[in-house]
Amino acid sequence: MIVGQEKPVTELLDMIKPYKRVLVLGCGTCTTVSLAGGQKEAEFMSALIKLNAAKTGQDVTATTETVKRQCEWEFLDDIADLIEQADAVLSFACGVGIQAIAERYPDKVVLPGVNTKFMGMPIETGVFQVRCAGCGNCILDKRGGICPIARCSKSLLNGPCGGAEDGKCEVNPEIDCAWYLIYNRLKAIGRLDDMKQFFEPKDWSYGRDGGARKLRKEGIAL
Amino acid sequence: MNSLGGVCVRGVLIVGGGISGCTAADMLAQSHIPVYIVDKSKNIGGKAINYGCKATDTCLKCNMCLTQDIWQNVNDNRYIDIMTGADVLSCQGDKGDYRVMIRLEDGLEREINVSYIIVAIGFQPYDLKNKGFFGYGLYKNVLDGLDVEQLLKQRTPETLPFINPSIKKLAFLQCVGSRDVQDKAPYCSKVCCAYALRMGQTIHHYYPNIEITYFYMDIQEVGGVFSDYYDRLVGNGFKFVLSRPVMVEEAEDGGLEVIHEDLAKASVVREKFDMVILSQGIRPADDVDYIADVFDLGYDANGFLKGIGRWSETGIYLAGTAKGPMNIADSMADARRVAMEIITDYRTAAIASGVM
Amino acid sequence: MQHRILIIGNGDDAAMAARAVVAVGMEALVIGEGAFPIADDRVTYKDGWTLKHIEGQIGAFEAVFDTSDGEQTETVSSIIAATGADMVPCSLMNSAGDKAVSFKDLPALLNAKEYTLPMAVVFIQDADVDDGQWVSAIGINLARQVRKMWGCDVYYLCRFIRGSHFEVENAYRMARAEGVVFIKYSKDSLAVMPAEGKTTVSFNDYTQEISIQADMVVMSDVLKPQTQTSSLTQKLGIGINHEGFFQYDNAYYPFTATNRRGVYVIGACKGPAGLNDVSGDAAYTALDIKIQLDELRPIADVIAEINLFKCSLCLTCLRFCPHGALHVSDDMPSMVVYDMACQGCGICGAVCPAEAINLADNGKALMKESSGQKRLKVYCCKNSAKKALDAINMVAQLPQGVELAEMPCSGSIKPEELVNDIYAGFQRILILACYSDACRHVNGNADMRRQMKALQDTLADMGIARDSIVVMDVAGPSSDDVLEKINSAYNAIGLEVAL
């Protein structure tokens, strides 16, 4: 899932200051599951906006709505009139959803309610950790199912830096050394030879470089 | 008469409306079995209804909160007929068909016809008059465990009603009227260590500067989750003195003196305290002989009630502290078990007669 | 309908459970490792089966087992865990030399045909932990046997005689009459050391240092949770206490019933307290199961309802539900509530990020409406504050500006509800929750406290005082305390306004 984190309330209140009618828009997929921007968070923010307005004597109205996925125009079309009526949309989606609104409603102000953090999973209740860096060329088959790019603090591809202590990373002793995990896992599944597979420096043209990336799903795309 | 799966059934008489009696009544009534509660006092609830909560900043599991549902359910239930201020006069018949004569509060007599009887007459606290040398009733700062249980009910956010600023040192005397062969109570009353240790913690929570001392013979188990209780309390600064005091006297300045043997010094010493709480034990109820006579029950070696013959054959059951010392949770469990046996019996009968 | 009960464990506790289950006309499916003492056609014993996981609810649990023939699934109506506990030699055994035996091993020596008669035998109790009354019972009776069979000097060292069971007190008295010498030693004064073919036991008896030369030292074993306890509690979705035994440290779980309806724990697996009356607990549990199953009905008037269209399957409710009452639907993309397991606490609704779960009216009901100026809103947990107020009938006499709402558990409060209360004009919100370890729904009060802390932080950032939201612990029996907490919260507002 894409993991997000609500922005501090003061930042959001500041952001919406110029606008009178605010639509607080939750997203029903990733930010719901990462407990940052579902209907609960949207309603909570709405309530805070109303309270702040009453307290400061501002004339602001906040409407709340949640759509299944803000990153698909079809879902956004369903609430076209709500968006039209608002001066600004405070989106609780990830960065993708926020941009989807901006693209679909070119003359509308869209504000981010959530900081999009990473692709990850819950490791315990309410705690999320990164798992994937979206590099575009997966090598998990050779690294015991543990990604050195996302989980090694230095994104080392071919072995540990040597700074780990008791299996903990020297950059942040609270996190596990990815290479420690990779070694143990490969050993456990009898594939330590995979460690010997050497990777050339990462070709980031599959990932971050080369401008905005695009993907065609052959067989589906027209 | 009422219905259980369509069969008309006679109900259950419960003698005693304390926590055991009411717990059984609640269970039975939930299964739509008519219940009569006879209690000689003005209200149901027995002793436990007057006990207070002993929480500090956390719950100490005295289980008082579990009793509250029971009082409410019993008062609100249409299957339960409560007779307070009433006495049982006589009981005739057999299992399945007992006729019990009851004298009601207004003096009128009423006969009820029941299938089962639960005797849940509870206990009486040890009579501290027998230990006059501890000064109970003589000195105002000598309290007993039951007093404190009840006073705790009036606790407020900042104060406990029985502690005033002059109290700096407080002693608990354990085993008053328990494990005492001369006093015809060779048994452990089971509940006193638990309640006294909890009370000590409650007092310490409100007034951390009060010095608390326990005079004890053996500290009993306080319950599964408290096997480290003793050590934790020592860590709190509580003192434990292995000694059985012989007397409490008023000091010249108005305080109290506990006279006890100091083992290390091998001599009798007088130690000053401002308050003494006597952890008095559990004794058979005062009307135990009368009830044993009416319902044809026997006694155990300590004078508590015991059934004659198997319960399932006589249909007369005992529940709670009528059988011997028990804490709140155990009394409730015991009463529920008795009620469940009776419910199962009713069901079996209903199935046998082909209506369920 | 024939009910079949799964019993986990094959020791004495499990045997008692099986007998009790059969005695009330139900069938037992018992799993364990090794032999099981009961042969009865209503008891099926599966040697070597281990529990993998369970699904379902009371009346129809699907239990999946690992067996030598692969995975097996069985449907059972209820589950009793009776796995017992491990008896571990106390730590002093390591240094005590070869003259030391544990309570557990002594009976074999007593039954042996050939042995050298010892002159002095020392029993030691409470060396590692303060042993329970069942240890006193075993130890005292062993001491009496030794005294009787071997006729030697028998010393019994302990910190406490735990004789709250009548039988123990009696045995203690008899043992003394028969010549067993009981000595209490003070904490941390005990040392046991081998010396020249004997064992020296030294200690302080509160008056002086004492040494005894013993030919044999018999030490109590310590009851420890089994290694499987922790994983078994997770598989069963039930509590574990701070010592690692079954059941939560919680006022609402002193009996054999657990936080998950239909799952019970009896005997030593609950720790020393579980041993006090195992046969009674077994009988009680079997009857409880039978009565519940015969007329299975929900236990809460209002239970959680899930909006299938809103549910995002984030599993947050599953992680928070204290009663194992939620599961992923087999045929819909949604969570579903087990209607017989839900206890209506509303914790799931408060944590659901999609607002997909609701109890009727959020589980809240007004006990008293404010009139005139809104000043104080009080949320009363129905398990504590509400009962305390009901008991004294004082609600109507509270000041006009006080509004009272009851809730099924403080864990059901949603932060936005409180923001809306402040928006509506309330100057302060008082949440009256249960003390820690006294939440009927295990952790509802702790869940609430975390949410309130986060809310107070957010409000503080907005310039709204932290004490606009006050959380206090109360208990049902303490009516005066509850009343005074409400009044003082109310009066504190008065002062602020006056300033």
Side-chain angles (χ1 to χ4, degrees), chain A residues 1-14 16 24 26-56 58 60-62 64-69 75 78 92-93 114 121-128, chain C residues 307-322 333-335 347-358 362 374 413-427 429 443 446-447 450-465 468-469:
Chain A
M1 69 182 77
I2 296 170
V3 178
Q5 185 178 34
E6 320 86 291
K7 279 178 174 287
V9 65
T10 42
E11 186 183 338
L12 293 179
L13 292 173
D14 213 39
I16 62 161
V24 183
C27 180
T29 307
C30 296
T31 55
T32 294
V33 177
S34 64
L35 312 176
Q39 188 174 333
K40 177 186 163 89
E41 297 302 331
E43 281 182 9
F44 179 51
M45 191 59 217
S46 262
L48 290 174
I49 291 171
K50 276 190 243 173
L51 177 60
N52 190 56
K55 195 172 144 272
T56 55
Q58 288 170 355
V60 183
T61 57
T64 318
E65 185 57 64
T66 304
V67 295
K68 197 78 202 162
R69 274 200 302 282
F75 291 114
D78 288 347
F92 273 72
V114 167
M121 58 176 276
I123 50 170
E124 56 187 87
T125 307
V127 181
F128 300 87
Chain C
N307 181 331
L308 309 181
F309 301 101
K310 283 187 170 181
C311 175
S312 65
L313 280 175
C314 68
L315 308 180
T316 311
C317 54
L318 183 78
R319 293 179 181 128
F320 275 88
C321 176
S334 170
M335 301 298 293
I347 293 171
C348 54
V351 296
C352 174
E355 300 273 350
I357 311 180
N358 256 311
N362 281 341
K374 289 182 163 64
I413 294 182
K414 301 179 187 180
E416 69 259 30
E417 288 178 290
L418 306 191
V419 175
N420 288 332
D421 287 332
I422 299 175
Y423 178 75
F426 287 107
Q427 287 162 285
I429 293 155
N443 281 323
D447 297 341
R450 282 197 309 275
Q451 290 219 32
M452 288 310 118
K453 169 88 174 40
L455 176 60
Q456 285 170 327
D457 291 347
T458 301
L459 292 176
D461 288 345
M462 288 171 62
I464 296 170
S468 301
I469 293 167

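Letters A, B, ... are given to chains in the order of the sequence lines, protein chains preceding strands, and every chain is numbered from 1.
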What pair of heavy atoms forms the shortest contact from K40(A) to E355(C), and how long is it?
CA-OE2, 3.4 Å

Do you know which two heavy atoms are closest between M462(C) and K55(A), and how far apart they sit?
O-NZ, 2.7 Å

Examine whether an atom of F320(C) lies under 4.5 Å from a heavy atom of chain A, and if so say whether it belongs to the side chain, the backbone or both; otherwise answer neither.
side chain

Bottom line for T316(C): the part with an atom under 4.5 Å from chain A's heavy atoms is side chain

Cut-off 4.5 Å, heavy atoms of chain C, and the answer for T66(A) is neither

Bottom line for L13(A): the part with an atom under 4.5 Å from chain C's heavy atoms is side chain

Rounded distance (nearest 0.5 Å) linking atom CD1 of I422(C) with atom CG of L48(A):
9.0 Å

Interchain contact, L459(C) with chain A, by part (heavy-atom threshold 4.5 Å)
side chain

Measuring from atom CD of E417(C) to atom CZ of F44(A), what distance do you get when rounded to the nearest 0.5 angstrom?
12.0 Å

I want to check something: taking the side chain as every heavy atom from C-beta on, are R319(C) and P122(A) in contact at a cut-off of under 4.5 Å?
yes

Cut-off 4.5 Å, heavy atoms of chain A, and the answer for A460(C) is neither

From CD1 (I464(C)) to CG (N52(A)), nearest 0.5 Å:
7.0 Å

Rounded to the nearest 0.5 Å, how far apart are OG1 of T32(A) and NZ of K310(C)?
11.0 Å

The reported gap from OG1 in T458(C) to CE in M45(A) (rounded to nearest 0.5 angstrom) is 9.5 Å

Got a second to check how far S312(C)'s OG is from K68(A)'s NZ, nearest 0.5 Å?
6.5 Å

Heavy-atom count check: over 12 atoms from other residues, nucleotides or ligands less than 6.0 Å from Y423(C) OH?
no

Select one option (side chain, backbone, both, neither) describing which atoms of P8(A) are under 4.5 Å from chain C's heavy atoms.
neither

